[in-house]
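First up is the structure itself, then whatever we jot down about it.
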Amino acid sequence: MKLNKWMLMLTAAAGLGMATLSAAEALPEEEQPAVNWSKAGRFALLYVPNLLQDAADIISLQVGVGSTFSCNFYATHFAEFGWENTDSFFIGKGNKQQWGGGRREAVRLALGCLGMDDVYVSHTFGWAHPYVLQDQAFNFPEHNASAYRDGDVDFWAIGARAGLLFDVVVECHPVGLADFLCGIVGYDLSSDNWE
């Protein structure tokens with residue numbers, strides 16, 4: 001007798017739960033919320049931090065020390081002039097929110113749209129990513145190389161690298177500027193905002 005009471009109560013509870021679920025699914029369309037308020041709230045709360053983050057992506061600055069000689073100027077990697085022979089340690093802010101440092105070994109030569117790259121970045125810390133950029137033939141830059149594709153190096157950067165024992169790299173990122181301008185109106189061009 002006690003077993004039947006428990007079975008009856010479980011069946012009634014399951015039936016009541018199914019009826020509640022069916023009623024919630026059957027809400028008319030006009031009663032469904034028109035605005036996803038939680039998403040709108042997150043957007044409003046994170047608007048300023050995302051805008052500041054996008055503004056920080058416009059300029060990057062790195063300093064290094066070691067066995068280095070570099071003199072390199074570029075307006076994208078299709079218009080680059082200079083030479084670099086480096087084995088140094090660096091720290092600073094790189095492309096796409098890469099704050100940190102590491103070791104850079106590089107031999108590079110660039111004349112206009114022709115260039116040769118042999119770059120190894122390793123022993124990184126912070127948010128800096130290790131990468132390899134290797135194209136030892138003197139030819140057009142490989143814009144689809146993994147270091148460019150993954151955002152470790154900005155192919156479209158405008159900047160300079162100069163130094164002897166100490167080197168400095170300053171870059172302006174046009175894609176970062178476009179992402180910042182689009183972020184003002186709420187569009188995330190680079191898909192890097194917090195949500």
Side-chain angles (χ1 to χ4, degrees), residues 24 27 29 31-66 68 70 72-80 84 86 88-106 117 119-133 141-163 166-195:
L27 279 176
E29 202 170 298
E31 291 183 26
Q32 295 288 339
V35 176
N36 185 346
W37 288 106
S38 64
K39 187 173 181 180
R42 280 194 309 271
F43 173 78
L45 185 65
L46 294 173
Y47 178 77
V48 171
N50 281 330
L51 213 54
L52 292 173
Q53 172 183 300
D54 289 343
D57 282 344
I58 297 172
I59 302 289
S60 62
L61 174 68
Q62 291 181 344
V63 294
V65 62
T68 182
S70 58
N72 195 11
F73 303 94
Y74 44 94
T76 79
H77 285 278
F78 278 130
E80 182 173 11
E84 174 187 2
T86 301
S88 64
F89 292 91
F90 68 92
I91 190 167
K93 188 236 174 256
N95 186 37
K96 294 201 177 196
Q97 304 158 18
Q98 292 188 47
W99 298 83
R103 181 178 181 194
R104 177 183 170 90
E105 300 170 82
D117 293 306
V119 180
Y120 299 91
V121 172
S122 60
H123 299 88
T124 59
F125 62 91
W127 290 280
H129 302 156
Y131 66 88
V132 174
L133 183 58
E142 297 280 338
H143 71 280
N144 61 348
S146 64
Y148 298 127
R149 191 178 56 245
D150 297 341
D152 300 323
V153 179
D154 184 4
F155 186 83
W156 304 108
I158 300 167
R161 172 186 293 272
F166 297 95
D167 70 341
V168 176
V169 183
V170 178
E171 291 182 335
C172 176
H173 305 283
V175 175
L177 178 61
D179 185 37
F180 172 74
L181 294 174
C182 289
I184 291 171
V185 294
Y187 181 70
D188 183 18
L189 183 66
S190 296
S191 300
D192 60 354
N193 285 357
W194 296 310
E195 293 183 358

Let me confirm one number: the [atom1]-[atom2] distance from [X] to [Y], rounded to the nearest 0.5 Å.
X      : Y      : atom1 : atom2 : value
Asp152 : Leu133 : CG    : CG    : 9.5 Å
Phe89  : Thr68  : CZ    : OG1   : 12.5 Å
Trp127 : Gln97  : CH2   : CD    : 10.0 Å
Phe90  : Arg103 : CZ    : CZ    : 11.5 Å
Ser122 : Glu105 : OG    : CD    : 5.5 Å
Asn50  : Arg42  : CG    : CZ    : 12.0 Å

Phe166, CZ: over 12 other non-hydrogen atoms inside 6.0 angstrom: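 Counting neighbours around CZ of Phe166, 12 or fewer heavy atoms of other residues, nucleotides or ligands fall under 6.0 Å, so no.
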Stepwise side-chain contact (heavy atoms from CB on, under 4.5 Å) check, Phe78 with Trp156: CA-CA 8 Å; Phe78 278 130; Trp156 304 108; 4.2 Å; yes
Using atom types as modelled and distance alone, determine if a side-chain donor or acceptor of [X] lies under 3.5 Å from a backbone N or O of [Y].
X      : Y      : result
Gln98  : Gly151 : yes
Arg149 : Asn144 : yes
Asp167 : Gly64  : yes

Beyond-backbone contact of [X] with [Y], side-chain heavy atoms, under 4.5 angstrom:
X      : Y     : value
Ser88  : Val65 : no
Arg104 : Glu84 : yes
Val63  : Ile91 : yes

Parallel, tilted or perpendicular, as decided by the 30° and 60° cut-offs, for the rings of Tyr148 and His77: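 Rings of His77 and Tyr148: tilted, as their planes differ by 30° to 60°.
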Near-ring test Tyr120/Tyr131, centroid separation under 6.0 angstrom: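 Here the rings of Tyr120 and Tyr131 have centres that are no less than 6.0 Å from each other.
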Which side-chain N or O atoms in residues 168-188 pair as donor and acceptor under 3.5 Å with protein atoms at least two apart or in another chain?
from: Glu171; atom 1: OE1; to: Ser60; atom 2: OG; distance (Å): 3.4
from: Glu171; atom 1: OE2; to: Tyr74; atom 2: OH; distance (Å): 2.6
from: His173; atom 1: ND1; to: Asp154; atom 2: OD2; distance (Å): 2.7
from: His173; atom 1: NE2; to: Ser60; atom 2: OG; distance (Å): 2.9
from: Asp179; atom 1: OD1; to: Leu189; atom 2: N; distance (Å): 3.1
from: Asp179; atom 1: OD1; to: Ser190; atom 2: N; distance (Å): 3.2
from: Asp188; atom 1: OD1; to: Ser191; atom 2: N; distance (Å): 3.3
from: Asp188; atom 1: OD1; to: Asp192; atom 2: N; distance (Å): 3.4
from: Asp188; atom 1: OD2; to: Ser191; atom 2: N; distance (Å): 3.4
from: Asp188; atom 1: OD2; to: Asp192; atom 2: N; distance (Å): 2.9
from: Asp188; atom 1: OD2; to: Asn193; atom 2: N; distance (Å): 3.0

Gln62/Lys93 under side-chain contact (heavy atoms from CB on, under 4.5 Å): CA gap, chis, key distance, verdict: CA-CA 6 Å; Gln62 291 181 344; Lys93 188 236 174 256; over 6 Å; no
Stepwise side-chain contact (heavy atoms from CB on, under 4.5 Å) test for Phe73 and Arg161: CA-CA 7 Å; Phe73 303 94; Arg161 172 186 293 272; over 6 Å; no
